[in-house]
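Both counts, for ligands and for their atoms, begin at 1 and track the order of listing.
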Amino acid sequence: MMNEQVINYIESIIKKRSPLVDEMEKYAAEHNVPIMELVGIETLLGILTIQRPARILEIGTAIGYSALRMAEALPGTEITTIERDEERYGAAQEFLSRSEHREQIHTLFGDALELQDQVAEYGPFDAIFIDAAKGQYQKFFDIYSTMLSENGVVYSDNVLFKGLVAEEEIEQKRIRNMVKKLQNYNVWLMNHEDYDTSILPVGDGIAISRRRGEGNE
Ligand code: SAH
Ligand code: MG
């Protein structure tokens, strides 16, 4: 992962965000909401503005931070986002209601493992952003990659889990189990027959998986 000094340097030259986005960053810090790290989201936005997806599916809204940042960066893009935690979903509603980008974002409340039918109404998606329960990534991928458009890309956040996936031994059992699951996901993803994947060691680690569609091998 990048060292602290380099991260601080990049953060120091990133453009100021809007007052609403600022407020969300503060809320997340105060309430321990794991929104994307600044360098991570900026990198993702950079790539998305090159990809220019018409429709994005996000699994894991939290308070709507990444959804809003994507909506701001891609004004023509429709974003569908899912959250199962009632309090976070409520906070997302409140924050997003104050944005002029509100109508670009469809917020769905519920467990992503159970919302396929509802989500399908908003697809197909050119980009799918997986940023929810780390132990379920493969399930999310299997369910929702069926809704990916021909040249679609799946982005998975937190695949390096603070660098823990590279540790030899981890004391805490709960963390160790989580790390195992992420390691399994990463290997499974890297060897997936239908996708080419690379992992960017920015933020908490972002995997980028491009479908190997026809004419695209
Ligand atoms: N993408 C957000 C951060 C998401 S944090 C941002 O960067 O701004 C991960 C969120 O995923 C949490 O709020 C958690 O409640 C939610 N989540 C975890 N598992 C989920 C599931 N199975 N279905 C829906 N939401 C889920
Ligand atoms: Mg994340």
Side-chain angles (χ1 to χ4, degrees), residues 1 14 17-18 20-48 56-74 77 79-96 99 101 104-120 122 125 127-145 147 154-165 178-179 181-182 185-186 199-208:
M1 309 293 272
I14 286 174
R17 272 84 62 211
S18 67
L20 178 58
V21 167
D22 248 12
E23 205 185 312
M24 291 166 95
E25 288 176 2
K26 287 204 183 81
Y27 179 99
E30 277 163 20
H31 295 80
N32 286 312
V33 181
I35 62 168
M36 277 198 97
E37 291 172 32
L38 191 52
V39 177
I41 185 75
E42 294 284 336
T43 303
L44 180 64
L45 295 176
I47 295 167
L48 286 172
I56 301 175
L57 171 66
E58 173 180 73
I59 303 168
T61 317
I63 60 169
Y65 176 75
S66 51
L68 179 59
R69 302 261 1 236
M70 293 191 282
E72 287 178 346
L74 301 156
T77 299
I79 295 147
T80 301
T81 180
I82 313 171
E83 176 56 54
R84 70 175 175 191
D85 181 274
E86 204 168 348
E87 195 177 331
R88 287 185 183 166
Y89 181 78
Q93 295 304 317
E94 199 282 316
F95 282 123
L96 296 176
S99 168
H101 293 274
Q104 255 173 279
I105 306 170
H106 308 291
T107 48
L108 303 179
F109 177 65
D111 192 319
L113 296 175
E114 294 163 5
L115 284 189
Q116 301 83 303
D117 294 347
Q118 219 175 313
V119 172
Y122 298 97
F125 304 99
I128 297 176
F129 176 46
I130 303 175
D131 190 17
K134 294 182 193 72
Q136 313 278 345
Y137 271 26
Q138 195 172 321
K139 282 190 191 150
F140 297 138
F141 191 104
D142 281 334
I143 293 171
Y144 291 106
S145 58
M147 302 178 195
V154 180
Y155 301 89
S156 310
D157 189 37
N158 307 102
V159 297
L160 298 180
F161 196 11
K162 304 179 199 334
L164 290 171
V165 290
M178 194 65 81
V179 167
K181 285 181 183 160
L182 271 174
Y185 177 70
N186 288 341
I199 294 175
L200 296 187
V202 294
D204 202 27
I206 304 168
I208 301 178

Check whether any side-chain heavy atom of [X] sits under 4.5 Å from a side-chain heavy atom of [Y], and report yes or no.
X      : Y      : value
Leu48  : Phe129 : no
Phe125 : Val119 : yes
Gln104 : Met70  : no
Glu42  : Arg69  : yes

Atoms of ligand 1 less than 4.0 Å from [X] heavy atoms?
X      : result
Tyr65  : 8 (O)
Ala112 : 21 (C), 22 (N), 23 (N), 24 (C)
Pro34  : 3 (C), 5 (S)
Asp85  : 15 (O)

Specify the protein heavy atom at minimum distance from [atom]: its residue, its atom name, and the distance to 0.1 Å.
atom                    : value
atom 8 (O) of ligand 1  : Ser66 N, 3.0 Å
atom 25 (N) of ligand 1 : Arg84 N, 3.3 Å
atom 17 (N) of ligand 1 : Ala132 CB, 3.7 Å
atom 12 (C) of ligand 1 : Arg88 NH1, 3.2 Å
atom 9 (C) of ligand 1  : Asp131 O, 3.1 Å

Item to check | Partners passing salt bridge (Lys or Arg N to Asp or Glu O under 4.0 Å) against Glu72 (at least two apart in sequence or in another chain) | outcome: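 Result, salt bridge (Lys or Arg N to Asp or Glu O under 4.0 Å) vs Glu72: none returned.
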Checklist entry - Excluding sequence neighbours, so at least two apart, what forms side chain to side chain contact (heavy atoms under 4.5 Å, CB included) with Lys134? => result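 Lys134 satisfies side chain to side chain contact (heavy atoms under 4.5 Å, CB included) with Asn158, Phe161, Met178, Leu182 once adjacent residues are dropped.
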For ligand 1, is [X] a contact, meaning one of its heavy atoms is under 4.0 Å away?
X      : value
Met24  : no
Gly110 : yes
Thr61  : yes
Gln136 : no

Item to check | Heavy-atom nearest option to atom 13 (O) of ligand 1, drawn from Glu83, Glu114, Glu87 | outcome: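 Of the listed residues, Glu83 has the closest heavy atom.
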Checklist entry - Given Ala67, Ala92, Gly135, Gly60, which has its nearest heavy atom closest to atom 4 (C) of ligand 1? => result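 Ranked by closest heavy atom to atom 4 (C) of ligand 1, first place is Gly60.
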Item to check | Flag for Glu83-Thr107: side-chain donor and acceptor within less than 3.5 Å | outcome: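 No, no side-chain donor-acceptor pair sits under 3.5 Å.
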Checklist entry - Considering all heavy atoms of both residues, which atom of Ala207 and which atom of Val159 are nearest to each other, and what is their separation? => result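 Between these two residues, the closest heavy atoms are N-CG2, 3.9 Å.
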Checklist entry - Closest approach of Ala92 and Gly64, non-hydrogen atoms and distance? => result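 Scanning both residues, the minimum pair turns out to be CB-N, 3.8 Å.
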Item to check | Protein N/O/S atoms closer than 2.8 Å to the Mg ion (ligand 2) | outcome: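 Atoms qualifying: Asp131 OD1, Asp157 OD2, Asn158 OD1.
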Next on the checklist: To the closest 0.5 Å, what do you measure between OG1 (Thr81) and CD1 (Ile105)?
Outcome noted: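 So the gap between those two atoms works out to 8.0 Å.
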Item to check | Reported CG-to-NE2 distance for the pair Leu74 and His101, which is rounded to 0.5 angstrom | outcome: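 Here the rounded value is 10.0 Å.
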Judging by distance only, is a nitrogen or oxygen of [X] under 3.5 angstrom from one on ligand 1?
X      : answer
Asp111 : yes
Met36  : yes
Ala133 : yes

Item to check | Met36: which of Ile206, Thr43, Asp204, Leu45 passes side chain to side chain contact (heavy atoms under 4.5 Å, CB included) | outcome: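 When Ile206, Thr43, Asp204, Leu45 are each tested with Met36, the side chain to side chain contact (heavy atoms under 4.5 Å, CB included) holds only for Ile206.
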Next on the checklist: For Tyr137, give me all partners under ring pair (Phe, Tyr, Trp, His ring centres under 6.0 Å), at least two apart in sequence or on another chain.
Outcome noted: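 For Tyr137, the residues satisfying ring pair (Phe, Tyr, Trp, His ring centres under 6.0 Å) (neighbours in sequence not counted) are Tyr185.
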Checklist entry - Does a sphere of radius 6.0 Å around CD in Glu87 hold more than 12 heavy atoms from other residues, nucleotides or ligands, not counting ones at 6.0 Å or beyond? => result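 No, because the 6.0 Å sphere around CD of Glu87 holds 12 heavy atoms or fewer from other groups.
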Item to check | Ring-ring centroid check Tyr27 Phe95, cutoff 6.0 Å | outcome: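 Ring-ring flag for Tyr27/Phe95: true, centres closer than 6.0 Å.
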